[in-house]
Protein chains: 2
Amino acid sequence: MVEVRSIDTRERILDTAERLFMAHGYEGTSMRQITSEAAVNLAAVNYHFGSKESLMEEVFRRRLDWLSEERLRALDEMEAQAGDKPLKPSQIVDAFFGTLLRMAEDENRGGMNFLRLLGRTMTEPSEFIRAFLAHRYVHVMDRFKEALFKALPDVPKAEIVWRFHFMLGATSYAIAGTDTLRLVTDWQIEAADKEDRLDRLLPRLMSFLLGGLRAPLPQFDTPESQEERAAKAA
Amino acid sequence: MVEVRSIDTRERILDTAERLFMAHGYEGTSMRQITSEAAVNLAAVNYHFGSKESLMEEVFRRRLDWLSEERLRALDEMEAQAGDKPLKPSQIVDAFFGTLLRMAEDENRGGMNFLRLLGRTMTEPSEFIRAFLAHRYVHVMDRFKEALFKALPDVPKAEIVWRFHFMLGATSYAIAGTDTLRLVTDWQIEAADKEDRLDRLLPRLMSFLLGGLRAPLPQFDTPESQEERAAKAA
DNA sequence: CTATGATTCAAACGAACGTATGAATCATAG
DNA sequence: CTATGATTCATACGTTCGTTTGAATCATAG
């Protein structure tokens, strides 16, 4: 067989790059940092991946290909069980965001580290990686969009797309989480250990996402009239 | 008077840096790009600001000092008018996030460009700028946290902090908006012009945020029991 | 054992980076 | 008009960047 030494090297590079890209960003991480911490030669990245950009793409591909399949599998199962009936919004949200967060519990699939890298990258201005993600996983987004359209037939499609977008943002921050949260508060929220925090994050986030997804529709007028509706709904 | 030529130079550098930091990130933007596009000498940044890091801090300080005052002023007015009674959550959310989005309509205060830079920076791993923001504006966050605690006395404080955090994330994505949204959908949401989109964004976001903020509390158990509650509440 | 292709290695490349320097140029006060 | 301090300028410094090269080393097939 070919590739005996190389598999270890490739994986070690990917693991290290994933960690450093998360900690310092793409531009802020140098090839020398990666290869040094991975204990491989400087030229190894270019040999195995071709370039720094291709390495970044592979870091994402390794995790997201699996995640996308899991998300679609979860959605397929639910739709098969529901038959003709539309899914509940909570099912769709769980298939998408729940599958993502449950991925964080599996250290072999990148754990929290990769999720935080993902969340940060979505807002980061790295043109090439955003273009890569957009083209490679657009079909997953489309499937979930369509599912939400069917589940919420009375809500304008534009509104659903926007709220899906808002949910992505909330989730991104939820994942980046512990660090950014210190910006909001210096007060110790919970002394619980990491496992516990992760267990509690999913229910917390799901409640928030579903509340936002099913909120009364905006009226596109003065804030006062919106306030009236909100007060009435409460 | 001193500083006649320098005021123009300073402002031109800040404007250009703001735009380029938004487009390519902090690490991805070079001093030579900034000074070249601002039509000033390469040494001008170090002369006027001392270093690239200090320039970045000034880019934020110039906008956020004003924004923080506006936010606190809005909150002060509402609390004065409410007397002893707690504010409505929608008022607090509008004072914080509404003030932010209305800032985007004022091109003299940075417009959408700065807001997108801000949103991206919150998830970006630039240690020094995150630390700067955390220390300089922590008192604003604390004021709004306390206001939410009073407005929602039955909701655990930890839950409020988390939901405030989720709201920040949703807003960050809402602002980054138009670009990232193409990742969610290639389909043309609205052909409306920029002004119109901005007008509609605030009501859309406010509905979502308030829906999330007032969602039923999570129970930290199985997803099934959460689904039951969600169905009952709908 | 030997040949072959895959992988690793040390070293170097040119380019771009942030910063520093000292002279030139400007605006203004006396 | 002249002196002074603020600002601009061209240029260079030392460092680090991503990438390339060609030889050395390895694992395996014949």
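These numbers come from the heavy atoms of this one structure, side chains and all, not from hydrogens, waters or symmetry mates. In what follows, chains are A, B, ... by sequence order, proteins preceding strands, each numbered from 1.
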Quick one: side-chain contact (heavy atoms from CB on, under 4.5 Å) partners of A/Ala38, sequence neighbours excluded?
A/Arg12, A/Thr16, A/Val40
side-chain contact (heavy atoms from CB on, under 4.5 Å) partners for B/Asp15, two or more places apart:
B/Arg62, B/Arg63
[X] side-chain N/O to [N] phosphate OP1/OP2 under 4.0 Å:
X	N	result
B/Ser30	C/dC17	yes
A/Thr9	C/dT7	no
B/His48	D/dT8	yes
B/Asn41	D/dA10	yes

What is the distance, rounded to the nearest whole Å, between atom [atom1] of [X] and atom [atom2] of [N]?
X	N	atom1	atom2	result
A/Phe128	D/dG18	CZ	P	12 Å
B/Arg12	D/dT8	CZ	C1'	12 Å
A/Met31	C/dA15	CE	C1'	15 Å
B/Tyr47	D/dT11	OH	P	21 Å
B/Glu11	D/dT7	CD	P	14 Å
A/Asn46	C/dC13	CG	P	18 Å
B/Gln33	C/dA15	CD	C1'	14 Å
A/Asp8	C/dA6	CG	P	18 Å

Strand contacts (DNA chain C) in residues 51-61 of chain A, 4.0 angstrom heavy-atom criterion:
none
Given a 3.5 Å cut-off on both pairing distances, which stems involving DNA chain D, each at least three consecutive Watson-Crick or G-U pairs, are present, if any?
C:1-30 with D:1-30
Determine the interplanar angle of the A/His165 and A/Trp162 rings, folded into 0 to 90°, and report it as parallel if under 30°, tilted if 30 to 60°, perpendicular if over 60°.
perpendicular
With under 30° as parallel and over 60° as perpendicular, where do the rings of B/Phe96 and B/Phe164 fit, or are they tilted in between?
perpendicular
If you check every side-chain atom of B/Leu42, which of D/dA12, C/dT7, D/dT7 has the closest atom?
D/dA12
My understanding is that only residues two or more places apart in sequence, or in another chain, count here; which of them pass salt bridge (Lys or Arg N to Asp or Glu O under 4.0 Å) with [X]?
X	answer
B/Glu37	B/Arg19
B/Arg61	B/Glu58, B/Asp65
B/Asp76	B/Arg143
A/Glu77	A/Arg73

Look at all strands and tell whether A/Thr29 reaches a base, only sugar-phosphate, or nothing, counting heavy atoms closer than 4.0 Å.
sugar-phosphate
Would you say that B/Leu117 contacts B/Phe60 through its side chain, given a criterion of any heavy-atom pair below 4.5 Å between the two side chains?
yes
Can you list every salt bridge (Lys or Arg N to Asp or Glu O under 4.0 Å) pair that touches residues 38-54 of chain B, not counting sequence neighbours?
none
By nearest-heavy-atom nucleotide on DNA chain C, the more 5' of A/Ala44 and A/Arg32 is A/Ala44
